[in-house]
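As structure tokens, the structure follows; a few thoughts come after it.
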Amino acid sequence: MHQVYTGTQIREAEQPLLAAGAGPQLMHQAAWGLAQGVIELLHEHQLAVPGARITGLIGAGNNGGDGLWALSFLARRGAHITAICTAERVHPEGAAAFRAAGGRFLSGPETADYARAEVVIDAVLGTGARGAWEGHPVPEGALVVACDIPSGVSADTGQVSGQAITADLTVTFGGLKVGLFNGAGAAHSGNIKLVDIGLGPHLPAPELQLLSPTDIPELLPPAAPHAHKYTRGVLGVLAGSTKYPGAASLVCAGALATGVGMIRFLTQTEHAEPLTTLVLGAHPEVVPATDPTERVQAWLVGSGLSDSDHRVEQAKQVLTLTQQQQLPAVIDADGLKLIEPATTQPRVLTPHAGEAAALLNRLGAGSDDATQNQRVDRANVEADPLAAAQKLAELTGDVIVLKGPHTIICGPDAGPGQRFIYPGGHPFLATAGSGDTLAGIIAAVLTGWAEADAAPPLAAQAAAGVWLHGAASYAVAAGGPFGASQLAAGVRTVVAELL
Ligand SMILES: NC(=O)C1=CN([C@@H]2O[C@H](COP(=O)(O)OP(=O)(O)OC[C@H]3O[C@@H](n4cnc5c(N)ncnc54)[C@H](O)[C@@H]3O)[C@@H](O)[C@H]2O)[C@H](O)CC1
């Protein structure tokens with residue numbers, strides 16, 4: 001499990017060490033790690049360090065100091081180092097070390113030396129950035145390594161209010177930062193290398209957590225040797241409609257591949273009908289049900305419901321039932337239009353950005369003074385998904401899985417096990433039905449834990465489902481582009497490797 005902090009939290013954690021006079025040591029450790037990152041990137045691109053042409057874009061603060069010290073370390077390995085000052089002042093000790101290592105300050109980006117740079121170290125703005133940045137040109141074809149956070153990106157939120165550098169690699173210090181994963185920042189940070197500079201004892205509870213493969217097995221319900229279908233858990237599914245029959249089958253595929261004792265599929269009518277025929281044709285192990293009060297351990301409601309009056313009425317009935325019985329539930333897609341806030345029921349909502357915006361507007365996100373009557377749109381949510389997910393969790397009391405290139409999983413409370421970010425499945429996941437499959441995966445995890453004595457936090461269960469879905473996409477993408485119906489096979493492969 002990786003911990004993710006805001007830039008503000010990192011700055012606060014640095015304070016005791018700075019007060020103890022350890023600033024220069026911290027800077028040297030950071031700069032050394034930055035130099036190592038540059039060397040690794042050169043080698044990845046079959047470029048030698050001796051003779052490599054490396055230019056630093058140097059800001060006025062300690063971020064610039066990191067960059068200058070890193071350049072001096074690279075000069076010792078034979079690199080040809082230059083730098084461009086982007087502000088009136090420059091870190092004095094860093095500048096001295098840079099010059100002592102043979103570094104030359106260039107007059108500006110128009111110089112031939114800069115145009116020939118093979119690597120640019122972006123050391124303009126780090127955690128001290130405030131507001132919009134005017135930007136700086138980067139030579140075409142140069143590899144870009146950002147120091148701590150790409151300049152122009154907020155370390156706290158990932159928001160970019162002016163211009164921002166796009167890095168191939170970000171070497172970040174002391175702790176991973178929210179801005180590297182959230183909103184626009186995720187598109188600017190490139191690969192990420194974390195350098196430990198000894199902040200550990202001073203770091204607070206993280207803002208977010210990032211799951212590793214080794215975290216997943218304990219977040220998945222155990223398949224006990226003496227289990228039977230009822231102890232593994234029964235999942236009720238109200239999904240699909242005449243208009244979107246496939247969603248029902250995809251939900252079941254996701255749940256079955258993750259592992260569930262049984263699926264009771266709530267049919268549209270008491271008589272045989274195409275939707276149920278399709279689901280049973282694909283998954284004969286699914287049990288058709290006409291009575292929503294039949295005992296289950298969890299429910300999935302919403303995928304592919306469409307605006308069918310009958311399906312919507314059934315959904316309202318099931319949502320009420322799950323609240324009365326405090327049953328775990330995953331509410332997806334059209335089901336999100338039906339939920340009401342503030343429930344103690346263990347519920348996971350799985351909106352994408354557009355659905356999240358609609359829910360925020362319906363539940364009155366603009367109700368507080370600061371945002372009175374301000375409508376939220378998809379772009380607002382995409383600009384800061386973490387904030388949107390936190391607001392939704394606060395308004396509903398639910399765990400929010402805000403789906404996107406980087407998926408946020410956010411419970412209504414703060415602290416460990418409550419907020420996660422999943423930095424994106426394979427791009428091929430952007431295909432119809434992958435959300436239905438995800439809903440089924442998460443619902444299966446909740447079903448398996450529903451009656452366990454010591455289950456992980458609900459947000460952690462949902463995060464494990466998101467992780468499985470993303471890992472499955474890479475497993476399936478190895479064979480090329482895919483339709484969502486092929487994801488379940490990837491889920492089985494990943495689960496088999498984990499257990
Ligand atoms: N604190 C430490 O000892 C260590 C810090 N590390 C590195 O230092 C930066 C944080 O340094 P800081 O000096 O606080 O701020 P910055 O260098 O990020 O920038 C401040 C500098 O930039 C100007 N500025 C702010 N916003 C803008 C803007 N929008 N446009 C233009 N200029 C702006 C501001 O006026 C200041 O002059 C941290 O990221 C690390 O890289 C070491 O890692 C560890 C030790």
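Only heavy atoms go into these numbers, but all of them, side chains included; no hydrogens, no water, no symmetry mates. Read the numbers this way: they start at 1 and go in the same order the structure lists the ligands and their atoms.
- For atom 22 (O) of ligand 1, the nearest non-hydrogen atom of the protein is L125 CD2, 3.2 Å.
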Worksheet item: Checking side chain to side chain donor-acceptor pair (under 3.5 Å) for the pair T157/S154: CA distance, chi angles, key distance, verdict?
Response: CA-CA 5 Å; T157 66; S154 161; 3.2 Å; yes
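- The aromatic rings of F181 and H406 are tilted relative to each other, their planes meeting at an angle between 30° and 60°.
- Of the protein's heavy atoms, N63 N, 3.6 Å lies nearest to atom 9 (C) of ligand 1.
- For atom 21 (C) of ligand 1, the nearest non-hydrogen atom from the set A22, G23, G61, A30 belongs to G61.
- When only modelled atom types and interatomic distance are considered, Q209 and Q3 share a side-chain donor-acceptor pair under 3.5 Å.
- The side chain to side chain donor-acceptor pair (under 3.5 Å) search around T172 returns D148, K177, not counting sequence neighbours.
- Atom numbering of ligand 1 starts at 1 in the shown order; those under 4.0 Å from a heavy atom of A129 are 18 (O), 25 (C), 26 (N).
- In E110, the CD atom is crowded: over 12 heavy atoms of neighbouring residues, nucleotides or ligands sit closer than 6.0 Å.
- Nearest to atom 45 (C) of ligand 1 by heavy-atom distance, out of I197, L17, L26, is L26.
- For the pair H91/M27, a side-chain contact is recorded, criterion being any heavy-atom separation below 4.5 Å from C-beta on.
- With respect to atom 1 (N) of ligand 1, the closest heavy atom belonging to the protein is E14 OE1, 3.1 Å.
- Salt bridge absent: D384 and K391 never bring a charged side-chain N and a carboxylate O closer than 4.0 Å.
- Summarising the contacts of atom 11 (O) of ligand 1 with I149, L34, N62, I58, the nearest heavy atom is found in N62.
- The protein atom (non-hydrogen) at minimum distance from atom 10 (C) of ligand 1 is T127 OG1, 3.4 Å.
- Close approach to D66 involves these atoms of ligand 1, each under 4.0 Å from a residue heavy atom: 6 (N), 7 (C), 40 (C), 41 (O), 42 (C), 43 (O).
- Taking the side chain to side chain donor-acceptor pair (under 3.5 Å) definition, one finds that R76 meets it with nothing, sequence neighbours left out.
- Under the 3.5 Å distance criterion, with hydrogens and angles disregarded, a donor-acceptor pair is assigned to the side chains of T8 and D156.
- Formation of a donor-acceptor pair under 3.5 Å by the D122 side chain with backbone atoms of V145 is not found in this model.
- For ligand 1, the atoms closer than 4.0 angstrom to any heavy atom of A132 are 28 (C), 29 (N), 30 (N).
- Summary of contacts: the protein heavy atom closest to atom 3 (O) of ligand 1 is L18 CD2, 2.9 Å.
- Taking a distance limit of 4.0 Å, we find that atom 34 (C) of ligand 1 is approached by no protein heavy atom.
- The shortest N/O to N/O separation between G126 and ligand 1 falls below 3.5 Å.
- Atom CZ of R378 has more than 12 heavy atoms from other residues, nucleotides or ligands within 6.0 Å.
- Shortest contact from atom 31 (C) of ligand 1 to any protein heavy atom: W133 CD1, 3.9 Å.
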Worksheet item: Given N191 and D168, is the side chain to side chain donor-acceptor pair (under 3.5 Å) satisfied, shown in steps?
Response: CA-CA 6 Å; N191 292 325; D168 297 284; over 6 Å; no
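- Nearest protein neighbour of atom 26 (N) of ligand 1, counting heavy atoms only, is R130 N, 2.9 Å.
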Discussion item. Walk me through whether F173 and L26 qualify under side-chain contact (heavy atoms from CB on, under 4.5 Å).
Written reply: CA-CA 9 Å; F173 316 120; L26 290 179; over 6 Å; no
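- Applying the 4.0 Å criterion to heavy atoms of A60 picks out, from ligand 1, the atoms 37 (O).
- Counting the atoms of ligand 1 from 1 in the order shown, those under 4.0 Å from a heavy atom of F173 are 41 (O), 43 (O).
- With distances taken over non-hydrogen atoms, the option nearest atom 37 (O) of ligand 1 out of Q29, Q15, E88, R89 is R89.
- For ligand 1, the atoms sitting less than 4.0 Å from at least one non-hydrogen atom of R11 are 10 (C), 12 (P), 14 (O), numbered in the order shown with element in parentheses.
- Set against the non-hydrogen atoms of G131, the atoms of ligand 1 under 4.0 Å away are 29 (N).
- Any N or O atom pair closer than 3.5 Å counts here, and G128 shares at least one such pair with ligand 1.
- Using modelled atom types, one finds no donor on one side chain facing an acceptor on the other under 3.5 Å when comparing R104 with T82.
- Less than 4.0 angstrom separates atom 24 (N) of ligand 1 from at least one non-hydrogen atom of the protein.
- Given atom 39 (O) of ligand 1, the protein heavy atom at minimum distance is D148 OD2, 2.6 Å.
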